[in-house]
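See structure below.
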Amino acid sequence: MARFIDDLKRTHHAGELRATDEGKVVVLFGWVANYRDHGGCVFIDLRDREGVTQLVFDPELTGHGELPRAAHENARALRSEWVIGARGIVKSRGANKNAKLPTGDIEVHVIELAVFNKSETPPFEVADDIDTGEEKRLQYRYLDLRRAPLQRTLRVRHRINQVTRRYFDEAGFLELETPIMVKYTPGGARNFLVPARMHPGKFYALAESPQLFKQLYMVAGFDKYFQVVKCFRDEALRLDRQPEFTQIDVEMSFVNQDDVFRAIEGLVFRIWKEVLGVDLKTLYPSGRFPQMPFEQSMRLYGNDKPDLRFALPHVDITDVIVEHGGGGIPFFKPIADKFKSGEYRRDLPAEIVKVLRLPAELASKLSRTETDKLEEFVKGMGAKGLARARIAEDGSWTQSPLAKSITPELRQAINARAEAKEGDLLLFQFGRESVVQTVMANLRLHVAKRLGVIPESGHGGQWNFLWVIDPPLFEYDDEKKTWVAAHHAFTRPHDDCVGLLERDPGKVLCWRYDLVLNGFELGGGSIRLHDPEVQAKVFRALGISDDEARAKFGFLLDALKMGAPPHGGIALGMDRLAMLLSGAESLRDVIPFPKTQKGTDLMTDAPSGVSAEQLVELHVRTVEAP
RNA sequence: GGGGUGGUAGUUAAGUUGGUUAUAACGCCGGCCUGUCACGCCGGAGGCCGCGGGUUCGAGUCCCGUCCACCCCGCCA
């Protein structure tokens, strides 16, 4: 080995040799990606992180004594994923060029070969396209990461990191760190807890976000802060959620919402330009992303992260139902009655009725059985069923369980509201507002993917950004029968809503915002409450006593009283950004060592048990769940 | 907490109304081959059918339980 690593240093990576390098003597290090033994000569595809180069072992190679003959003899034993070094001469492939490889014009005729390490037969092929299950890939993650697609996505992460740091540095932001082991504060995501050995019975929490600390940086006068930071949340996992994830975290003083938007738009434009080579100016010439009020997003798309690469808006027909007293449909009658009796508010309805209209050209692609499958889909979302109606030439409804009982007047009114024409398909949901919104939002996406309006996954070459703004400050908790903070309790309400804090909390809007890309929430933030008086009102509306507030957030409340500047910020999900930029289908593909859906690591087998002695030292006893 | 999908050679899958020795492709091992690049040709090995119980003359197949992975709802300020 001394001959190679000590004497012969690497001259090139396996992806960089070209026809112009012909005649050079080079030294390459890497892994055996493929071997083709033709008896008289052996071909090896040598792979490193930059690409693949074909090595040729020809015993007849002249001018180097017996070396090539020995190399050829040793090459016959090479197998997949062995780690080797090779010294050889770059030669043109002549008529045997390989157009599939960037290095396909040349090959390296090997003079000397060193085997640094053998490899057992890998459990799956280290190739671009494999159909191996994710379970196996995660178990042997280091092999999975050796594959070019994952090497590429991790490079995207690297680029995002570099661009982000350069951008914020140039813009006068300071990269400052915040503690990961913090005081547990209730509310929001569950925290991972860390027993404090030196304080029996007490625990640190892993930070679910740097939120409070970055606000303290503002109070301390640092003015503009950013950090690329790990956050931890002990919640159920999803395709786009991991317990340990990375945020691009930002906070700014003396700013309003628009100032934050401009800072982030600048960052996003830079990232797209420098990571993807995409100039977003062609899509957004003003350099600004469009904005949509939360209320509009919920009404038209059923959630606060609409995918606007396509239309298919929802149509809320609750008021139409109410005006027609249910219109003869048994399910609609009790809903209409509750609005008429005043039990339900028109402006904050507990139950709603919504329609998704599929225009004829899309509806015609849906067979009856496929429509039945849609019903299965929505039932999985918590829906009781999926009423539907196809519009006939005269405006009447066919293939519909509602057709028999509905009054012609209501049918006409719904057709008019939904602008339904012959051949269109109407899909209905009614009932609890939150369920209807969830079901309809998912249905809209599902149908769009099913009918090929957008691809099943990936961006499909489209980048649709949107700021969703002006959401309510509180949401009603059905179980606790009380108003709770929709996000965190330090979001600043609109000034003209402060009077509503006590009278009608549900109507209070706030300076909170989400950045949405292709239906994914890329990030969110808010302008913070820096005024202790309004802060006290918000706590009162939430039913939080002064003592309770002190116990939970005392340090922040103190800080706000000692010259806190107006401030606000945002956090972007760095993993999601990497996922969308690289076209990966899952967050797990852009996180080097991800957890499974149950939060385990299949490679290291974390989490694991610990010894009784360790538990004693930590003053921790485990108990069976009741 | 709830709903759904899946688990069979190293890998990915097939396996009929329960019925001889559980198939295939790729990979692996051995042999041949100097222009292959998904090399080719010849030969070979390889199985706790996730795990545990049950029904049956007989279970990969049917039933019950359980574990693991994935997707969704709840949850994620």
Side-chain angles (χ1 to χ4, degrees), chain A residues 33-46 52-61 72 76 79-80 91 93-101 103-104 107 109 120-140 143 185-191 208-209 211-212 231-243 245 376-383 434-435 438-439 441-442 445-446 471 473-475 477-479 484-491 510 512 521 524-526 542 552-553 573 585-586 588 595-598 600 602 625:
Chain A
N34 197 1
Y35 59 95
R36 296 174 292 278
D37 183 351
H38 284 245
C41 82
V42 175
F43 299 94
I44 299 286
D45 291 337
L46 182 78
V52 168
T53 296
Q54 173 163 280
L55 305 182
V56 182
F57 294 85
D58 182 354
E60 310 296 319
L61 184 64
H72 170 261
R76 303 196 71 170
R79 291 294 180 268
S80 294
K91 292 196 175 188
R93 293 218 201 173
N96 296 314
K97 293 191 191 336
N98 184 345
K100 290 182 205 161
L101 285 180
T103 59
E107 59 195 7
H109 287 243
E120 290 183 14
T121 302
F124 52 83
E125 204 184 344
V126 179
D128 287 13
D129 291 309
I130 57 173
D131 47 14
T132 305
E134 206 177 357
E135 208 173 336
K136 271 282 173 315
R137 291 174 44 206
L138 290 178
Q139 197 182 334
Y140 299 94
L143 286 180
T185 53
R190 265 187 286 265
N191 291 88
E208 59 187 79
S209 105
Q211 182 61 41
L212 303 180
C231 302
F232 308 87
R233 292 182 189 175
D234 188 7
E235 294 291 347
L237 276 63
R238 286 280 192 285
L239 187 73
D240 57 353
R241 289 198 327 228
Q242 282 275 314
F245 60 99
E376 291 306 307
F377 174 79
V378 298
K379 280 183 177 170
M381 293 296 136
S434 58
V435 176
T438 300
V439 169
N442 284 307
L445 270 178
H446 182 74
L473 182 59
F474 304 111
E475 60 189 25
D477 187 320
D478 281 331
E479 284 175 22
V484 297
H487 290 281
H488 67 93
F490 296 91
T491 300
C510 64
R512 151 103 208 160
E521 183 191 322
S526 62
L542 289 169
K552 289 176 178 171
F553 309 110
E585 291 180 22
S586 156
R588 293 184 296 270
K595 305 283 192 288
T596 69
Q597 198 171 37
K598 286 213 172 136
T600 64
L602 294 177

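Residue numbers begin at 1 in each chain, while the letters A, B, ... track the order of the sequences.
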Pairing nucleotide - [N], Watson-Crick or G-U, each distance under 3.5 Å:
N      : result
A69(B) : U5(B)
G58(B) : none
A22(B) : none
C29(B) : G43(B)

Look at all strands and tell whether [X] reaches a base, only sugar-phosphate, or nothing, counting heavy atoms closer than 4.0 Å.
X       : answer
K598(A) : sugar-phosphate
L239(A) : sugar-phosphate
G133(A) : sugar-phosphate
Q211(A) : base
A189(A) : sugar-phosphate
R588(A) : sugar-phosphate

Round to a whole Å and report the spacing from [atom1] of [X] to [atom2] of [N].
X       : N      : atom1 : atom2 : value
L602(A) : C67(B) : CG    : C1'   : 13 Å
R238(A) : C70(B) : CZ    : P     : 12 Å
Q597(A) : C76(B) : CD    : P     : 17 Å
Y140(A) : U11(B) : OH    : P     : 8 Å
N442(A) : C71(B) : CG    : P     : 15 Å
E135(A) : G10(B) : CD    : P     : 15 Å

Between [M] and [N], how far apart are the [atom1] atoms? Round to whole Å, please.
N      : M      : atom1 : value
G10(B) : G74(B) : C1'   : 40 Å
G18(B) : A13(B) : C1'   : 22 Å
G50(B) : A9(B)  : P     : 8 Å
U12(B) : G47(B) : C1'   : 16 Å

- Would you kindly say whether Q54(A) and R36(A) are connected by a side-chain donor-acceptor distance under 3.5 Å? yes
- Taken in chain and number order and not counting sequence neighbours, the residues that satisfy salt bridge (Lys or Arg N to Asp or Glu O under 4.0 Å) with R137(A) are D144(A), D589(A)
- Per-nucleotide protein contact string for nucleotides 34-39 of chain B (B base, S sugar-phosphate only, - none; heavy atom under 4.0 Å): BBBBSB
Give the table of side-chain donor-acceptor pairs shorter than 3.5 Å for residues 127-136 of chain A, with sequence neighbours excluded, one pair per line with atom names and distance.
residue: E134(A); atom: OE1; partner: R588(A); partner atom: NE; Å: 3.3
residue: E134(A); atom: OE1; partner: R588(A); partner atom: NH2; Å: 3.0
residue: E134(A); atom: OE2; partner: R588(A); partner atom: NE; Å: 2.5

- State whether the number of non-hydrogen atoms from other residues, nucleotides or ligands found under 6.0 Å of E585(A) atom CD is greater than 12. no
- Side chain of R241(A), base of C76(B): donor and acceptor closer than 3.5 Å? yes
- Does R79(A) make a side-chain donor-acceptor contact with the base of G27(B), cut-off 3.5 Å? no
- Query: Hey, does the side chain of T600(A) come within less than 4.0 Å of A69(B)'s phosphate (OP1/OP2), counting only N and O?
  - Reply: yes
- Message: For N191(A), give me all partners under side chain to side chain donor-acceptor pair (under 3.5 Å), at least two apart in sequence or on another chain.
- Response: E208(A)
- Message: For Y140(A), give me all partners under ring pair (Phe, Tyr, Trp, His ring centres under 6.0 Å), at least two apart in sequence or on another chain.
- Response: none
- Please identify each residue that fulfils ring pair (Phe, Tyr, Trp, His ring centres under 6.0 Å) with F474(A), with sequence neighbours left out. none
